[in-house]
Trainee: 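I'd like to ask you about the structure that follows.
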Amino acid sequence: MLILGLETSCDETGVALYDTERGLLAHALFSQIDIHVEYGGVVPELASRDHVRKTLPLIEEVMAEAEVTAADIDGVAYTAGPGLVGALMVGATLARSLAWGWGVPALGVHHMEGHLLAPMLEEEHPEFPFVALLVSGGHTQLVRVDGIGEYRLLGESLDDAAGEAFDKAAKMLGLPYPGGPHIGRLAQSGNPERFDFPRPMVNRPGLDFSFSGLKTFTLNTVASCREEGELTEQDKADIARAFEDAVVSTLVIKCRRALKQEGLKTLVMAGGVSANSSLRAGLKRALAKEKAQVFYPAPLFCTDNGAMIAYAGAQRLKAGQVDTEETRVRPRWPMEELPPIEGAA
């Protein structure tokens with residue numbers, strides 16, 4: 001079964017072709033970072049307009065690369081939520097129009113399920129059940145996964161997600177948007193002994209997260225440094241290092257706690273923040289001590305992408321799930337509402 005996948009939930013336009021027998025055939029991604037960087041964040045209207053411009057050319061590019069025609073495609077999957085409503089509508093209307101014109105089914109896919117299943121695109125992938133740490137954009141969640149569509153939320157951010165906290169900390173340091181990669185690079189030259197930032201909520205029971213206090217602590221540290229004069233490059237690096245260490249340590253502690261609580265030895269990490277090298281290294285070290293494994297997608301598939309939507313859509317379309325006649329997108333969409341798929345992997 002050959003599925004075309006479209007991702008337009010936010011500021012990346014992703015297109016991919018996934019075959020249930022041959023795997024991923026082709027994919028393409030266009031990032032809108034250059035459009036939004038001057039505003040310090042995503043402007044929804046600009047995001048929607050750029051998806052209109054880029055999606056169809058990317059579809060043509062991917063189909064040409066895979067050497068397939070419309071007659072070869074068995075279904076179209078697209079991101080139906082969560083995300084920016086205008087951006088979601090671009091992908092949904094185009095996907096459903098193509099599916100109608102080609103005489104094949106269409107299916108709206110949950111964006112976070114796409115991220116959760118992205119490690120399945122790798123040659124070495126996890127087996128169910130496992131715990132998933134989803135750190136993407138406005139989401140930081142721990143989920144128990146017993147199969148596709150069998151999800152139980154264990155904990156989530158009560159305020160800022162980790163990715164949002166990275167962006168806001170970067171802005172405080174005068175770094176460009178998006179903040180995560182810039183914080184990560186700057187932190188490499190930071191002194192780990194100079195500042196000791198708090199690890200929020202690690203001394204409380206449970207698996208929820210909160211990063212708003214860490215954001216405030218960062219702001220106060222920046223202000224304190226500025227009282228002594230201009231913020232130097234070393235000040236910025238030291239603050240970036242302390243901030244990243246605090247976020248990584250918090251996530252690692254919560255992941256270990258989740259695995260112990262659920263009695264599992266497999267962790268999946270996915271979403272944009274999962275590309276952070278310090279987080280990957282920290283989890284690998286921590287879980288090795290407990291003889292547990294951690295899986296994550298290739299860096300290219302950590303960010304929003306069409307491949308994860310094509311894969312997730314292929315599993316559900318193969319199981320017979322299709323859209324109703326009404327085009328519906330869901331800017332907010334609890335993943336626990338998704339129906340399970342028996343035997344899908």
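Position 1 is the first residue of the sequence; numbering continues from there.
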Trainee: So, D160 side chain and F211 main chain: donor-acceptor pair closer than 3.5 Å or not?
Mentor: no

Trainee: Nearest 0.5 Å, please: how far is CD in E12 from SG in C10?
Mentor: 7.5 Å

Trainee: Does the side chain of R96 pick up a donor-acceptor pair with the side chain of T327 at under 3.5 Å?
Mentor: yes

Trainee: Please give me the minimum heavy-atom distance between G313 and L107, naming the atom from each residue.
Mentor: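 Smallest heavy-atom distance, with atoms named: O-CD2, 4.3 Å.
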
Trainee: Establish, yes or no, whether a centroid distance under 6.0 Å links the rings of F243 and F217.
Mentor: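 No, the ring centres sit 6.0 Å or more apart.
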
Trainee: For R257, I'd like to know if atom CZ has over 12 heavy atoms of other residues, nucleotides or ligands within 6.0 Å.
Mentor: yes

Trainee: Could you tell me if the side chain of Y311 sits less than 4.5 Å from the side chain of M120, heavy atoms only?
Mentor: yes

Trainee: State plainly whether the residues R226 and E230 are in salt-bridge range, i.e. N to O under 4.0 Å.
Mentor: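 Salt bridge between R226 and E230, a charged N being under 4.0 Å from a carboxylate O: no.
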
Trainee: Between the side chains of E337 and R330, is the shortest nitrogen-to-carboxylate-oxygen separation below 4.0 Å, so that they form an ion pair?
Mentor: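 Yes.
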
Trainee: Looking only at heavy atoms, what is the nearest atom pair of A162 and T140, with distance?
Mentor: N-OG1, 2.8 Å

Trainee: Of all the heavy-atom pairs spanning G86 and S48, show the shortest one and how long it is.
Mentor: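 So the two residues come closest at C-OG, 3.2 Å.
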
Trainee: Would you please test E164 and K168 for salt bridge (charged side-chain N to carboxylate O under 4.0 Å, His left out) and show each step?
Mentor: CA-CA 6 Å; E164 293 172 322; K168 291 175 182 178; 5.5 Å; no

Trainee: I'd like to know if R194 pairs up with D235 as an ion pair, taking the criterion as any Lys NZ or Arg NE/NH1/NH2 lying under 4.0 Å from an Asp or Glu carboxylate oxygen.
Mentor: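 Looking at R194 and D235, the cut-off is met.
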
Trainee: I'd like to know if Y296 and L300 are part of one continuous hydrophobic network [Ile/Leu/Val/Met/Phe/Trp/Tyr, side-chain heavy atoms within less than 4.5 Å].
Mentor: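 Each belongs to a different hydrophobic cluster.
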
Trainee: Between E113 and I148, is any pair of side-chain heavy atoms under 4.5 Å apart?
Mentor: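 They are in contact (side-chain heavy atoms under 4.5 Å apart), so the answer is yes.
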
Trainee: Working to the nearest 0.5 angstrom, can you tell me the gap between L251 CG and C255 SG?
Mentor: 6.5 Å

Trainee: How about Q293 and T266: does a side-chain donor come under 3.5 Å of a side-chain acceptor?
Mentor: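 No, no side-chain donor-acceptor contact under 3.5 Å.
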
Trainee: Is any side-chain heavy atom of R53 less than 4.5 Å from a side-chain heavy atom of F30?
Mentor: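 Heavy-atom side-chain distance check fails, nothing below 4.5 Å.
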
Trainee: Between the side chains of N191 and Q234, is a donor N or O closer than 3.5 angstrom to an acceptor N or O?
Mentor: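 Side chains of N191 and Q234: no pair found under 3.5 Å.
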
Trainee: For L134, is there any backbone N or O sitting under 3.5 Å from a side-chain donor or acceptor partner on Q141?
Mentor: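 Here the side-chain-to-backbone pair does not exist.
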
Trainee: Side chains of S136 and D304, heavy atoms from C-beta outward: is any pair under 4.5 Å?
Mentor: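 They are in contact (side-chain heavy atoms under 4.5 Å apart), so the answer is yes.
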
Trainee: Hey, could you give me the CG/CG distance between N305 and L24, rounded to the nearest 0.5 Å?
Mentor: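 Reported to 0.5 Å precision, the distance equals 9.0 Å.
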
Trainee: Let me confirm one number: the CD-CE distance from E156 to M335, rounded to the nearest 0.5 Å.
Mentor: 10.5 Å

Trainee: Looking at K265 and E290, does any basic side-chain N land under 4.0 Å from a carboxylate oxygen?
Mentor: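 No, this pair does not count.
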
Trainee: Counting the benzene-type ring for Trp, do H115 and F301 have ring centres under 6.0 Å apart?
Mentor: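 Between H115 and F301, the centre distance exceeds or equals 6.0 Å.
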
Trainee: Decide, yes or no, whether a salt bridge links D245 with R241 under the criterion of side-chain N to carboxylate O below 4.0 Å.
Mentor: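 Yes, D245 and R241 are salt-bridged.
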
Trainee: Once rounded to the nearest 0.5 Å, what's the spacing between atom CE of M172 and atom CG of L219?
Mentor: 5.0 Å

Trainee: About how many Å separate CD1 of I309 and OG of S9, when rounded to the nearest 0.5 Å?
Mentor: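 Taking OG in S9 and CD1 in I309, the distance rounds to 7.0 Å.
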
Trainee: Strictly distance-based, threshold 3.5 Å: is any side-chain N or O of H182 a donor or acceptor partner for the main-chain N or O of Y177?
Mentor: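 Answer holds: no.
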
Trainee: Under a 3.5 Å distance rule, please check whether T8 uses its side chain to pair with a backbone N or O of A87 as donor and acceptor.
Mentor: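 Flag set: sc T8 to bb A87 pair under 3.5 Å.
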
Trainee: Does R280 reach the main-chain N or O of S274 with its side chain, forming a donor-acceptor pair under 3.5 Å?
Mentor: yes

Trainee: Any ion pair linking R144 and D146 (charged N to carboxylate O, less than 4.0 Å)?
Mentor: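 A salt bridge links D146 with R144.
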
Trainee: Under a 4.5 Å cut-off applied to non-hydrogen side-chain atoms, are L231 and L173 in contact?
Mentor: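 Yes; the side chains approach each other to less than 4.5 Å.
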
